[in-house]
Amino acid sequence: GLDTIINIPDTLTQLSVGTYAYTLTDNNQCSIEDSLVLNNGDNLAPFVMLTDVTIELDATGNAPALNFNDVDNGSFDNCGIRSVSFDTGEFTCANIGVQNYPVNITDTNGNVSSSNATIVIVEYIDPEIDCSQSSMTSNSCQPISYAIPLATDNCDIASLERISGLASGSIFPAGDNVVTYRASDSCGNSAECSFTITVNNDFEVTSESTNTNCGLSDGSISVSATGGTPPYNFQPFQMVENIMAGTYSITVTDAVGCM
């Protein structure tokens with residue numbers, strides 16, 4: 001308390017917050033004791049000023065937590081800031097998008113202001129796609145099944161799609177056949193890889209025909225095959241004579257089923 005002799009009425013200034021006991025004594029030495037409580041007159045809450053922040057996840061799909069200084073844009077209080085409550089935790093793929101994190105600021109007189117810090121979590125890393133096990137060489141004319149490429153991503157694979165070439169299980173023509181796949185994640189990042197299915201097959205069919213004379217059945221067709229794997233099977237015939245004018249279909253198959 002204060003040990004000060006004053007005359008009534010009188011005024012004391014520059015007092016701090018607290019409880020003040022006093023004794024009043026008159027000229028007859030009669031006295032009375034009492035106390036006063038001085039409260040702070042600051043009812044003004046802190047001013048919260050924040051800035052939006054963008055966080056980019058790393059190759060593991062993570063980013064470290066932020067502290068208040070990372071989002072503060074000049075918050076202040078007329079009497080001073082006592083404490084700030086703000087916690088984002090570590091960022092992961094589950095946080096991708098626009099997130100709001102609460103901010104609570106308390107000044108030295110117990111006034112509190114609250115707001116939200118807007119944080120945008122993004123991920124720009126392309127998936128990884130591996131076609132190394134997909135290429136193959138075959139002499140088959142039957143459907144060929146290849147290994148579908150493998151795709152991984154630091155967050156997730158939204159889709160794996162074939163964007164050119166034949167699907168696995170298709171009958172591939174002779175020669176080199178390029179197939180391309182694309183892997184995409186949920187953030188729109190993508191990567192592509194290509195591989196080759198080589199079919200070594202020189203199976204060829206040729207035909208010769210003799211046209212008919214008008215109205216006569218004196219035409220002929222002769223079919224021959226080379227390459228592939230003999231022997232060959234001709235259906236319905238390999239050579240025919242004395243036939244009428246018309247369209248004829250002949251299927252030739254080698255020993256391994258190439259047609």
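For this chain, numbers begin at 1 and follow the sequence in order. Side chains are part of it too, since the values below use all heavy atoms of this structure and drop only hydrogens, waters and symmetry mates.
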Quick check: closest heavy atoms across [X] and [Y], and the distance to 0.1 Å?
X: Ser194; Y: Val178; value: CB-CG1, 4.1 Å
X: Pro230; Y: Ala255; value: O-CB, 3.5 Å
X: Pro236; Y: Ser249; value: CD-O, 3.3 Å
X: Asn95; Y: Glu90; value: OD1-O, 3.8 Å

Apart from [X] itself, which Ile, Leu, Val, Met, Phe, Trp or Tyr residues share its cluster (side-chain heavy atoms under 4.5 Å, direct or through members)?
X: Ile119; answer: Val48, Leu50, Val53, Ile55, Leu57, Leu66, Phe68, Val71, Ile81, Val84, Phe86, Phe91, Ile96, Tyr101, Val103, Ile105, Ile121
X: Leu160; answer: Ile129, Met136, Ile144, Tyr146, Ile148, Leu166, Phe172, Val179, Tyr181, Phe195, Ile197, Val199
X: Tyr124; answer: Val98, Val120, Val122

Counting C-beta onward and ignoring hydrogens, is there a side-chain heavy-atom pair between [X] and [Y] closer than 4.5 Å?
X: Ser224; Y: Thr206; answer: yes
X: Ile221; Y: Glu241; answer: no
X: Asp77; Y: Phe47; answer: no
X: Glu128; Y: Asp153; answer: no

query = Do the side chains of Val252 and Val240 join up, straight or via other hydrophobic residues, at under 4.5 Å, putting them in one cluster?
reply =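 Yes; tracing contacts between hydrophobic side chains, which count when under 4.5 Å, links both residues.
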Kindly say whether [Y] contributes a backbone atom to a donor-acceptor pair with the side chain of [X] at under 3.5 angstrom?
X: Ser75; Y: Asp72; result: no
X: Ser222; Y: Met239; result: no
X: Asn177; Y: Pro173; result: yes

task = Flag yes if more than 12 heavy atoms outside Gln133 fall under 6.0 Å of its CD atom; otherwise flag no.
result =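 Not buried by this count: 12 neighbours or fewer within 6.0 Å.
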ask   = Considering residues, nucleotides and ligands other than Glu208, do more than 12 of their heavy atoms fall under 6.0 Å from its CD?
value =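 No, CD of Glu208 has 12 or fewer neighbouring heavy atoms, counting only those of other groups under 6.0 Å.
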Give a yes-or-no answer on whether the side chains of [X] and [Y] include a donor-acceptor pair shorter than 3.5 Å.
X: Asp185; Y: Asn189; result: yes
X: Asp156; Y: Ser186; result: yes
X: Asp176; Y: Thr198; result: yes
X: Thr118; Y: Asn100; result: yes
X: Asn213; Y: Asp218; result: yes
X: Ser190; Y: Ser184; result: no

Gap separating the [atom1] atom of [X] from the [atom2] atom of [Y], nearest 0.5 angstrom:
X: Asp58; Y: Asn154; atom1: CG; atom2: CG; answer: 7.5 Å
X: Thr180; Y: Glu192; atom1: OG1; atom2: CD; answer: 7.0 Å
X: Asn73; Y: Asp52; atom1: CG; atom2: CG; answer: 9.5 Å
X: Met49; Y: Ser113; atom1: CE; atom2: OG; answer: 12.5 Å
X: Leu150; Y: Ser134; atom1: CG; atom2: OG; answer: 7.5 Å
X: Ser220; Y: Ile243; atom1: OG; atom2: CD1; answer: 7.0 Å

inquiry  = Test of understanding: with salt bridge (Lys or Arg N to Asp or Glu O under 4.0 Å), list the residues that count as partners of Glu204, not counting sequence neighbours.
reply    =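 Expected list: none.
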inquiry  = Show every disulfide bond (SG atoms under 2.5 Å apart) that has at least one partner inside residues 169-218, sequence neighbours left out.
reply    =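 For residues 169-218, and leaving out neighbouring residues, the disulfide bond (SG atoms under 2.5 Å apart) pairs sorted by first residue read Cys131-Cys193.
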query = Which is it for Thr253 and Asn233 under the side chain to side chain donor-acceptor pair (under 3.5 Å) test, yes or no, and what are the steps along the way?
reply = CA-CA 5 Å; Thr253 308; Asn233 179 266; 5.2 Å; no
task = Check ring pair (Phe, Tyr, Trp, His ring centres under 6.0 Å) between Tyr248 and all other residues, then give those that pass, not counting sequence neighbours.
result =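 None.
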